[in-house]
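A note on names: the letters A, B, ... follow the listed sequences, proteins ahead of strands, and every chain is numbered from 1.
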Amino acid sequence: MCSATIGISPVMSSPVITRFAPSPTGFLHIGGARTALFNWAFARHTGGKMLLRIEDTDRERSTEAAISAILDGLKWLGLSWDGEAVSQFARADRHREVANDLLKRGRAYYCYCSPEELEAMRARAEAEKRPVRYDGTWRDRAAGDAPAGVKPVIRFKAPQEGETVINDHAQGRVVIPNKDLDDLIILRSDGNPTYNLSVVVDDHDMGVTHIIRGVDHLTNAARQTQIYLAMGWDVPDMTHVPLIHGPDGAKLSKRHGALGVEAYRAMGYLPAALRNYLARLGWSHGDDEIFSTAQLVEWFGLEAIGKSPARFDFAKLENLNGHYIRATPDEVVLKEFLAFLPHVAGGPEMLAALEGGRMAAFTRALPGLKERAKTLVELQTSAAFLFASRPLPLDDKAKGLLNDEGRAALRGVVPVLEGLAEWIAPAMEAAVKAHAEAAGLKLGKLAQPLRAALTGSATSPGIFDVLEVLGREEALARIKDHSA
RNA sequence: GCGCCCUUCGUCUAUCGGUUAGGACGACAGCCUUUCACGUUGUAAAGACGGGUUCGACUCCCGUAGGGCGCGCCA
């Protein structure tokens, strides 16, 4: 159990409820994925629940496509949520109700400033190098002053003195002077609620006990805290996780390639590897680097989350991914690979070939293939020789290996292979090694030309495995194609 | 401009006042070897800077520098 140090006493603490609350204006980006992972891991660790809420109150930018991209991304990563995903927009009536409640309590007021006036106010402040904040024009005006025909917004009447404190698990005790927080709009002039109001109402109504999100929300946390207090509600336990930066230290952006998790899928990363990598970014458990998801759940705690931003390191992800590919049972890798193929160039074709009869050969080759692949893309590339049709095209290195000397070596080994009673790797290895020894050749002088003729490349799994996987007829034919 | 936050090897991090500052990725060198990969052995590599506090600071405090985030009728 994670013992909460602030607010709730351990004895009285209710089951943990976390939530992941993305706004559907694009795909699930990598930072969001990690936030979801942390929420998920914490909920699982405590035996609590993780809820999912789609923050779709911005009708202009929210799309159905983005919602399904986010859901798909979460599913692919293996992060399940409890219950149905909640649409924030659908709860607008409730948000309005709370806005009016705040009005009644004297903790909110109508503001008749137009967007243009506000823009002018901001411009003025900037020109005079003052902080840009709402100046409180309508904060204490009488209702009778309202201009006719203007639809007002509702603003929250924020405390002007003192300070707001956020007791944050990652950030520690953060103190924000109230004078730096202005009266934010909670209900737009069209009657629709804004983010900070909706979040507070939803988190409260959904019974969220722990909020885990990016530090970019830290200032919002202060404003939201004020709303909780104004409503007399318990403030949830907060954890603001540092952001993930690109390899150059700047904010992760399109420039760095992969933004959405589906891009990571297309690059051939395994969900388990990405989970492990992401967990290690900003969270640690001693010196542990490689751990299962079960261990993550067992170990995960808010207190071990760091405060400083981390850079995304593809080299490390790749290393981890290679580890996972090697360590994962063949049948699981196969399943992942088949699920991966539709998402990459050349994948659908390979999938068709597999389903068209090449599955057996691929399955036999998989143990040798996966030993060498750091990503599923590499697996796909290195498996290509299985699907090639004769005569095999050769890459430059393969051509170099099949010079006069190489071809002569192949001609010498053909009868040896043809004479084999059983077409199995150990038998071929013994026979070819004996042949090499008798001929006074180093094994490499035979193996490399064989590799070139059989795969069209200078690298492949062990050559005897390749021979076996290809089968007697196909293998001998490929050798003869390139030994003349 | 104002507010908040951050700063240990190139990167991710351990350290919770006393360590030869540890691990991992990456790099480099060697070994293994039919190629590649794996594996394995080893090497280089860090407390931003300046002041305090203390018998003793990477660790606590202050300042400086650099960086991040926030400041919408976006979320």
Side-chain angles (χ1 to χ4, degrees), chain A residues 21-25 55-58 60-62 88 111 113-115 118-119 122 125-126 128-133 151-155 166 168 170-172 174-177 179-182 184-190 192 194-196 198-199 214-220 222 240 242-243 245 247 249-251 277 280-290 306-320 322-323 326 368-374 378 382 397 401 429 432-433 436 442-452 455 457-464:
Chain A
S23 63
T25 54
E55 313 231 302
D56 52 358
T57 54
D58 184 342
E60 303 280 305
R61 298 196 299 156
S62 299
Q88 186 159 65
C111 165
C113 289
S114 67
L118 294 175
E119 189 43 54
R122 270 192 287 273
E126 215 152 306
E128 293 166 21
K129 305 208 166 181
R130 282 183 293 111
V132 281
R133 269 178 232 118
K151 287 243 186 187
V153 299
I154 295 180
R155 300 190 95 110
I166 303 158
D168 190 284
Q171 305 295 323
V174 179
V175 180
I176 312 248
K179 64 176 174 56
D180 294 322
L181 267 15
D182 60 1
L184 76 170
I185 293 173
I186 54 177
L187 208 68
R188 299 184 177 97
S189 53
D190 66 2
N192 284 316
T194 60
Y195 170 77
N196 278 301
S198 301
V199 168
V215 262
D216 47 335
H217 281 105
L218 193 60
T219 319
N220 286 328
H240 287 88
L243 269 22
H245 289 173
K251 191 174 175 175
Y277 178 73
R280 231 10 226 92
L281 225 44
W283 176 83
S284 61
H285 183 264
D287 281 340
D288 294 306
E289 294 287 347
I290 296 175
K307 303 182 81 167
S308 49
R311 299 186 187 199
F312 200 94
D313 182 3
F314 280 97
K316 188 162 180 180
L317 206 212
E318 190 147 303
N319 169 276
L320 253 186
H323 169 88
R326 270 175 267 126
L369 255 20
K370 78 172 196 183
E371 204 62 34
R372 295 164 169 76
K374 290 202 169 70
E378 288 185 12
S382 63
K397 282 183 183 165
L401 287 166
E429 178 163 5
V432 171
K433 277 185 171 165
K442 292 181 83 170
L443 190 51
K445 290 289 181 188
L446 282 178
Q448 282 304 82
L450 273 175
R451 195 181 319 276
T455 70
S457 151
T459 65
S460 81
I463 198 62
F464 304 108

With both distances under 3.5 angstrom, what nucleotide forms a Watson-Crick or G-U wobble pair with [N]?
N	value
B/rA14	none
B/rU33	none
B/rU20	none
B/rG66	B/rC6
B/rU53	none
B/rC38	none
B/rA27	B/rU43

Return the [atom1] to [atom2] distance between [X] and [Y], rounded to the nearest 0.5 Å.
X	Y	atom1	atom2	result
A/Leu281	A/Asp313	CG	CG	9.0 Å
A/Lys370	A/Ser382	NZ	OG	13.0 Å
A/Leu450	A/Lys445	CG	NZ	13.5 Å
A/His240	A/Asp168	NE2	CG	6.0 Å
A/Ile185	A/Leu118	CD1	CG	6.0 Å

Original post:
For A/Arg280 and A/Asp288, what are the C-alpha separation, side-chain angles and deciding distance, and is it a salt bridge (charged side-chain N to carboxylate O under 4.0 Å, His left out)?
Top reply: CA-CA 9 Å; A/Arg280 231 10 226 92; A/Asp288 294 306; over 6 Å; no
Under 4.0 Å, counting only non-hydrogen atoms across every strand here, what does [X] touch: a base, just sugar-phosphate, or nothing?
X	value
A/Phe464	base
A/Val175	sugar-phosphate
A/Gly462	base
A/Leu281	sugar-phosphate
A/Arg451	base
A/Pro461	base
A/Ser284	sugar-phosphate

Say you pick atom [atom1] in [N] and the same atom in [M]; how far apart are they, in whole Å?
N	M	atom1	result
B/rG47	B/rU59	P	13 Å
B/rC32	B/rC36	P	14 Å
B/rC9	B/rA46	P	9 Å
B/rU53	B/rC58	P	16 Å
B/rC61	B/rU54	C1'	12 Å
B/rU13	B/rU8	C1'	9 Å
B/rA27	B/rA37	P	11 Å
B/rG51	B/rG30	P	44 Å

For [X] and [N], what is the distance between atoms [atom1] and [atom2] respectively, to the nearest whole Å?
X	N	atom1	atom2	answer
A/Leu446	B/rU33	CG	P	18 Å
A/Leu443	B/rU35	CG	P	8 Å
A/Lys397	B/rU34	NZ	C1'	15 Å
A/Gln448	B/rU34	CD	C1'	6 Å

Subject >> For A/Ser114, side chain to side chain contact (heavy atoms under 4.5 Å, CB included) partners two or more places apart >> reply: A/Glu116, A/Glu117
**OP:** Would you please name every residue forming a side chain to side chain contact (heavy atoms under 4.5 Å, CB included) with A/Lys307, sequence neighbours left out?
**Re:** A/Gln171
Between protein and nucleotides 22-26 of chain B, what N or O pairs are separated by less than 3.5 Å?
from: B/rG22; atom 1: N2; to: A/Asp287; atom 2: OD1; distance (Å): 2.6
from: B/rG23; atom 1: N2; to: A/Glu289; atom 2: OE2; distance (Å): 2.5
from: B/rC25; atom 1: O3'; to: A/Asn319; atom 2: ND2; distance (Å): 3.3
from: B/rC25; atom 1: O2'; to: A/Lys316; atom 2: N; distance (Å): 3.3

**OP:** State, with a plain yes or no, whether a side-chain heavy atom of A/Val199 is found less than 4.5 Å away from one of A/Gln88.
**Re:** yes
Original post:
Within the side chain of A/Ser23, is there an N or O that forms a donor-acceptor pair under 3.5 Å with the backbone of A/Thr25?
Top reply: no
**OP:** Decide if the gap between the ring center of A/Phe314 and the ring center of A/Tyr277 is smaller than 6.0 angstrom.
**Re:** no
Pairs under 3.5 Å (N/O, protein and nucleotides 44-47 of chain B):
none

Subject >> Which atom of A/Gly214 lies closest to which atom of A/Leu243, heavy atoms considered >> reply: CA-CD1, 4.1 Å
Original post:
What string of B, S and - do you get for nucleotides 68-75 of chain B, 5' to 3', if B is base contact, S is sugar-phosphate-only contact and - is no contact with any protein heavy atom under 4.0 Å?
Top reply: SSSSSBBB
Original post:
B/rC38, B/rC4, B/rC5: which one has an atom nearest the side-chain heavy atoms of A/Gln171?
Top reply: B/rC5
**OP:** Go through the steps to decide whether A/Arg372 and A/Glu378 satisfy the test salt bridge (charged side-chain N to carboxylate O under 4.0 Å, His left out), and finish with yes or no.
**Re:** CA-CA 8 Å; A/Arg372 295 164 169 76; A/Glu378 288 185 12; over 6 Å; no
Original post:
Residues two or more places apart in sequence or in another chain: which of them pass salt bridge (charged side-chain N to carboxylate O under 4.0 Å, His left out) with A/Arg326?
Top reply: none
